[in-house]
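Working notes, structure below.
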Amino acid sequence: MKRFLSILCTVGIAMSALTVPAFASEGEVSIQEQQQMINVAHRGASGHAPENTMSAFEKGFEMKADYIEIDVQMSKDGELVLIHDTTLDRTTNGTGFVSDYTLEEIRELDAGSWFSEEYTGEKVPTFEEVLDAFRGKTGILIELKAPELYPGIEEKVAVALKERNMHGAQNNKIVIQSFNHESVKKSRELLPELPHAVLAGMSWENVTDEQLVEFATYSDYFNPNMNMVTTELVDRVHDAGMKIYPYTSRSPEEAYHLFSLNVDGIISDFPEHVYYHPVKNN
Ligand code: G3P
Ligand code: CA
């Protein structure tokens, strides 16, 4: 059945060429729905609101994404804040490294007006603020961003989760990931009951089966750059016992392409490209 759906999907892409693919109309069941594709709102629904802000996370939740993805870094005074770049320049009205500012200083910045005037005054959220706002409402894919710059970040994340009793096996929609695989290993030791994910940039394009098997000793997911994904890679990741959520889809065509490759989830700036559906249990 999955193969049949894959073929249908591929034919759909070919027919639609560069036009926007037609999603199922009311009353029909879409290919996406049948495949139960996991929908991850990248940095929140960052195609619609400024990334890594409460507005983007709320939008992702409203759009019924299965997970919101967040990037965690640390302020000068050791507080966990959510921002993608290691500098403030692109997404706030500040300049310089995140690690050179206290939480109080970071909270004074405007993290919204670079995206649109409508979001002027939006603040850089704290990790704890987002845990408190979204626990039990949606999955949270927690990226430890550049953890090599922030000694002890894994422990601080673990403490915040444990304080909220979000560290047990029942919290299987709290997932921790990083491009820094040593950091993933460390986090796994601190939070053995939570699922973890290895992020893989294009330098891992030729990842071997042996490497995948090693990742699987401490990870439940292998989340690669979407440009390296093939059906063969998907099969090899599954054979190693992991799931695969590629990043970052930014168009309906890219989402459809990933569907056709039989991935388990899609990390996208636009949840509507993946599918609107209620939170599902993994
Ligand atoms: O979740 C995957 C994705 O967020 C990794 O890339 O650079 O957007 O953090 P980046
Ligand atoms: Ca990220």
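All values below were derived from every heavy atom in this structure, side-chain atoms included, with hydrogens, water molecules and symmetry-related copies excluded. Throughout, residue positions are numbered sequentially from 1 according to the sequence presented. Just follow the structure's listing: the first ligand is 1, and inside any ligand the first atom is 1.
Looking from atom 4 (O) of ligand 1 to the surrounding protein, the closest heavy atom is Glu69 OE2, 2.7 Å. In this structure, atom 3 (C) of ligand 1 lies nearest to the protein heavy atom His42 NE2, 3.6 Å. The protein heavy-atom contact nearest to atom 10 (P) of ligand 1 is His84 NE2, 3.3 Å.
A salt bridge links Asp132 to Arg164: one of the charged nitrogens lies within less than 4.0 Å of a carboxylate oxygen. Salt bridge annotation for Asp100-Lys76: absent, with no cationic side-chain nitrogen under 4.0 angstrom from a carboxylate oxygen. Remark: Lys185 does not engage Glu189 in a salt bridge, criterion side-chain N to carboxylate O under 4.0 Å. With respect to the salt-bridge test (charged N to carboxylate O, under 4.0 angstrom), the residues Lys123 and Glu108 do not qualify.
Note: no N/O pair closer than 3.5 Å links Thr248 and ligand 1 by distance alone. Note: no N/O pair closer than 3.5 Å links Tyr247 and ligand 1 by distance alone.
The shortest heavy-atom distance from Ile267 to ligand 1 is under 4.0 Å. The shortest heavy-atom distance from Phe179 to ligand 1 is under 4.0 Å.
The atom of Glu143 nearest to the Ca ion (ligand 2) is OE1, with the search restricted to N, O or S atoms. For Asp71, the N, O or S atom with the smallest separation from the Ca ion (ligand 2) is OD1. Between the Ca ion (ligand 2) and the N, O or S atoms of Glu69, the shortest distance is to OE2.
Nearest heavy atoms, Pro125 versus Phe57: CG-CE1, 4.1 Å. Contact record, Pro195 with Ile174: CD-O, 3.4 Å, taken as the closest heavy-atom pair.
Under a hydrophobic clustering in which Ile, Leu, Val, Met, Phe, Trp and Tyr are joined whenever their side-chain heavy atoms come within less than 4.5 Å, directly or via other members, Phe179 and Val175 fall into the same cluster.
Near Gln177, the atoms of ligand 1 lying under 4.0 angstrom from a non-hydrogen atom of the residue are 1 (O), 2 (C). Near Arg43, meaning under 4.0 Å from any of its heavy atoms, are these atoms of ligand 1: 7 (O), 8 (O), 10 (P). Listed by number with element, the atoms of ligand 1 under 4.0 angstrom from any heavy atom of Lys145 are 7 (O), 9 (O), 10 (P).
The side chain of Leu199, and not its backbone, has at least one atom closer than 4.0 Å to an atom of ligand 1 (non-hydrogen atoms only; side chain from C-beta on). At a 4.0 Å heavy-atom cut-off, ligand 1 touches Asp71 through the side chain alone.
Seen from the ring of Tyr67, Lys173 counts as a face-on cation partner, given the 6.0 Å and 45° thresholds.
With no hydrogens or angles considered, no side-chain donor-acceptor pair links Tyr221 and Gln177 at under 3.5 Å.
Between His181 and Trp204, the two ring planes are tilted [angle within 30° to 60°].
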